[in-house]
Novice: 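Just dropping this structure here.
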Amino acid sequence: MGQLTLNKVQKSYGTYEVLKSIELEVGNGEFVVFVGPSGCGKSTLLRMIAGLDETTAGDIVIDGKRVNDLPPVRRGIAMVFQSYALYPHMSVFENIAFPLRVEKMPEEKLKAKVQHAARILHLDQRLEQKPGMLSGGQRQRVAIGRAIVREPKIFLFDEPLSNLDAALRADMRIELAKLHRHLKATMIYVTHDQVEAMTMADRIVVLNAGEIAQTGAPLELYHKPANIFVAGFIGNPKMNFLPVTCTGVNDAGVEVDYKGQTILVPVVPRAGMTGRTLTLGVRPEHIRMGDADLTLTVTPSVIERLGAHTVAYVALDGEGENYCAMLPGTLAIRADQRVKTGIRAIDCHLFDEKGMAFERRVETTDIDMSHFDPAAA
Ligand code: ADP
Ligand code: MG
C-alpha cells in the first residue's frame, strides 16, 4: 500500500509562510505530479513528506499512520533528486545496493534485488562500471534503482530529469511512465515543467505561492482551469487573455464585448456581471484563420515556423496586450502582414475580476479537435 494524506500541512521559516494549509489525498498506485513555478514550495512539500524537512503544522499520514515524528527511513518512502547523489568510487552495483547494505541484507537476497532493479532499468550490462563512465540518463537510472530496491510504498522524485538534455528528458519521461505501470507503486513527482506534468501524471497538483491552485487530471486542467493562474501555466504557448466588458447574461452563457464586437461565451452564468470587466481566455492552438464568433485582424510582429505549426506573435493595438496564435505549418504568412484570425465561442474561457473561472459548459468530448494536428498534439 502507499496511500498519502496531507491534512492542513503548513510550513513556515520564521514569519515567512512557505506552504499554507495544504490538503491532499494521494491514492495507492497513483502518479501525482506537483507542478508550479520556481519557489512556489514544491521541494519543501516533498521534503516534508520524506521527513527531510520538519512540518510546522498539520498531519502527514501514510497508510493511516501519522508519520510527522518518524525519521525518513521509517516512513516507507524513497526519494530521487535532481543531483543523482551517487558515490563516484563505488560501482553501479554497489550504488544500487547501498540502502540494502545499510540494513545488512544477506548477500544472496541483496544480489537478487539489485539484479532485478538493474533489469527493469536496462542497467544489467553496467553493474561493474563506475558512475563516471555513464551518461546523465544512466546515472539517473542508477539513482532510481537505489530507490527501487528499497521497495518503498511511495516514490518521491524532485525534478529528476532537469539535468538531462531535451531528447533524453523525453525518453526518460516514457521510461518513468513505464516504470510506474510496471511497479504499480505510488509516485509523487515534482517539476516546474508543465509538459512533464501533462505527460506523466494521473493527477496534477498545481501549486502557486504555497497554495494549491487546482488539482485534477491533465486534460481537466487544460479544458477547465479553475483560475487564470492555472490557465496560463498549463499549455504552451500560454493562453491569451483579453480584457472584455460583460454586456449581458442569459441561460446560454455570458455575453462580453471586446472592442465593439460581442461574443456569447458558453459558461454557467452568474448574476450581477453586466458592466464588469472580465477576462476572456483563448489558447493559441484554438485560434483559426478567417472569421469566427470573434474576429481579430492583426499584424504579427514575429513569426516562428515550427514545421507542424506556425506561431504568430502579435502586439494588439495600443494597449500592450500580447496575442499569440498557433496556425497551420503550411500557412504562407509573413511578419508585418495583416491577417484575419477567428476565435470560436466554444473555445473561450472566462474569468471574473478575481481571476476565478466561470464554469465552462463544454465537456472534453464536446470539443472539436478537428483542426488539431494530431502529430503535434
Ligand atoms: P520550489 O521547489 O517550488 O522551487 P522550494 O520549496 O525550494 O521551491 O522553496 C519555496 C520557498 O521557500 C522559497 O521562497 C525558498 O526561498 C524558501 N525556502 C526554502 N528553504 C528555505 C530555508 N531553509 N530557509 C528559508 N527559506 C527557505
Ligand atoms: Mg525545487
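Remember, it's a predicted structure, so these values are computed and weren't measured experimentally. Start at 1 and go down the list; that is how both ligands and their atoms are numbered. All values below come from the heavy atoms of this structure, side chains included, with hydrogens, waters and symmetry mates left out.
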Novice: Parallel under 30°, tilted from 30 to 60°, perpendicular over 60°: which one fits the rings of His89 and Tyr87?
Specialist: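 Ring orientation of His89 relative to Tyr87: perpendicular.
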
Novice: Identify the protein heavy atom lying closest to atom 14 (O) of ligand 1, giving its residue, its atom name and the separation to 0.1 Å.
Specialist: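 Residue, atom and distance for the closest contact: Tyr16 OH, 3.1 Å.
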
Novice: Side chains of Glu255 and Thr247: do they bring a donor and an acceptor to under 3.5 Å?
Specialist: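 The answer is yes; a qualifying pair exists.
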
Novice: Any donor-acceptor pair under 3.5 Å linking the side-chain atoms of Thr5 with those of Glu25?
Specialist: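 There is such a pair between these side chains.
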
Novice: Please work out whether any backbone atom (N, CA, C, O) or any side-chain heavy atom from C-beta onward of Val18 is under 4.0 Å from ligand 1, and answer side chain, backbone, both or neither.
Specialist: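 Just the side chain.
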
Novice: Between Gln10 and Ser12, is there a side-chain donor-acceptor contact under 3.5 Å, judged purely by atom types and distance?
Specialist: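 Present: a donor and an acceptor within the cut-off.
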
Novice: Taking only residues two or more places apart in sequence or in another chain, which ones pass ring-ring contact (aromatic ring centres under 6.0 Å, His included) with Phe93?
Specialist: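 By the ring-ring contact (aromatic ring centres under 6.0 Å, His included) rule, Phe93 matches no residue at all.
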
Novice: Gly36 near ligand 1, heavy-atom distance under 4.0 Å?
Specialist: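 Outside the 4.0 Å threshold, so no.
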
Novice: Could you check whether the rings of His286 and Tyr222 sit parallel, tilted or perpendicular, using 30° and 60° as the cut-offs?
Specialist: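 Aromatic pair His286/Tyr222 classed perpendicular.
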
Novice: Strictly under 6.0 Å, is that where the ring centroids of Tyr189 and Phe34 end up?
Specialist: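 No - the distance between ring centres of Tyr189 and Phe34 does not fall below the 6.0 Å cut-off.
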
Novice: Do Asp63 and Gln3 pair up side chain to side chain, a donor and an acceptor below 3.5 Å, judged on atom types alone?
Specialist: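 No, no side-chain donor-acceptor contact under 3.5 Å.
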
Novice: Which atoms of the protein, restricted to N, O or S, are nearer than 2.8 Å to the Mg ion (ligand 2)?
Specialist: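 You should have found Ser43 OG.
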
Novice: Regarding atom 2 (O) of ligand 1: of the candidates Ser43, Ala209, Gly41, which has the closest heavy atom?
Specialist: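 Among Ser43, Ala209, Gly41, the closest heavy atom to atom 2 (O) of ligand 1 belongs to Ser43.
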
Novice: Just need the protein heavy atom nearest to atom 18 (N) of ligand 1, so name the residue and atom and give the distance.
Specialist: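 Here the closest protein heavy atom is Tyr13 CE1, 3.6 Å.
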
